[in-house]
Amino acid sequence: MSEKWLQAPEWSWNTSKEEPTYVHHWVQPLHEIQNAPDLILYGAPISRSSISVSGASLYPAEFRRMWKGFATYNLDENIDLTAFRVADAGDVVMHMTDILLSHQHIQEASAHLAARYPHAVTCMIGGDHSTTACAVRGIKEVCKQEIGILQLDTHLDVRDPAELGPANGTPIRQLIDGDTVKGENVINIGLHGYFNARPLIDYAEEHNIQMVTLKQARKQGLINTVREALEKLSAKVDRVYVTVDMDVLDISVAPGVPASTPGGMTAAELFDALLEIGQHPIVRHIDFVCLDPSKDSAVAETVKTGVYAWLQFITGCVLQTR
Ligand SMILES: [Mn+2]
């Protein structure tokens, strides 16, 4: 493969030439795809940069392995997704021990994909949340536009990199302090309860991060809240990067996300949110992070939820083109 810092995934289905009816026959390796892709998928399998012990580096492989269980036909919307071309660019090459070098690879791979495939939506599968800062920096380098962030997360992720290094609790702060993204162009939906210490809220307020608690979102309707957030960002930025920390899910439905908490989103709420997000053309990039398959239940319920969530986003993209 000739794509920068990207290598063939450690695990993928062999694509058949027959008409795809399941996801593992629909997603094509990037170097084999015939026409320009609508969405490019790439894995960022790193979790050494996680504050707590995490096997999120295992997620890209497990994510792909689960495709076999999903049809390309969405019954709820009565649409087949196969006309939408999804290309798999493989996984970013990680260094065995050097986190900063691995982060550099993620940044360069993200920049490369954004530059070479400017019309495709990019979708990164983490990895822990440190990967988001790398991806957004890489994209910013190339597009030189104002980027907004819609973050679905239980946490603000504005802990101090001076203290932790570029770990998974810091990506939003890295991006704001590094002048990559303005605080006022970050909207977080999913905050709740007791999981962000007061000094972190102070930082968010000081930098005008827009915090929407789950409680507020439920009051005005989650879908409306998401729509409003994207409309707000559309007025101020050129493109939106959506980052989905799977710890936004309620702990009862996400055994594979050690950082998930009580009081989080239901799976259905996350699916609704992503269906809405996919329908907005301002959204050019998305990632899904912090899912540790090694902690998942025996029936892999969190990985299944992760694939479903991703397909909801794609369904939204397809609805947008209708
Ligand atoms: Mn996070």
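As the structure lists them, so they are numbered: ligands from 1, and atoms in each ligand from 1. Computed from heavy atoms alone, side chains included, the values below leave out hydrogens, waters and symmetry copies.
In this model, a donor atom of one side chain and an acceptor atom of the other lie less than 3.5 Å apart for R137 and Q174.
When rounded to 10 degrees, the angle formed at the Mn ion (ligand 1) by OD2 (D157) and OD2 (D153) equals 80°.
Using cut-offs of 30° and 60° on the angle between ring planes, the pair Y308 and F70 is perpendicular. The aromatic rings of H24 and Y22 lie tilted to each other, with the angle between the two planes from 30° to 60°.
Within D245, the N, O or S atom at minimum distance from the Mn ion (ligand 1) carries the name OD2.
At a threshold of 2.8 Å, the Mn ion (ligand 1) has a backbone or side-chain N, O or S atom of H129 nearer than that distance.
The shortest side-chain heavy-atom distance between N78 and Y73 falls under the 4.5 Å cut-off.
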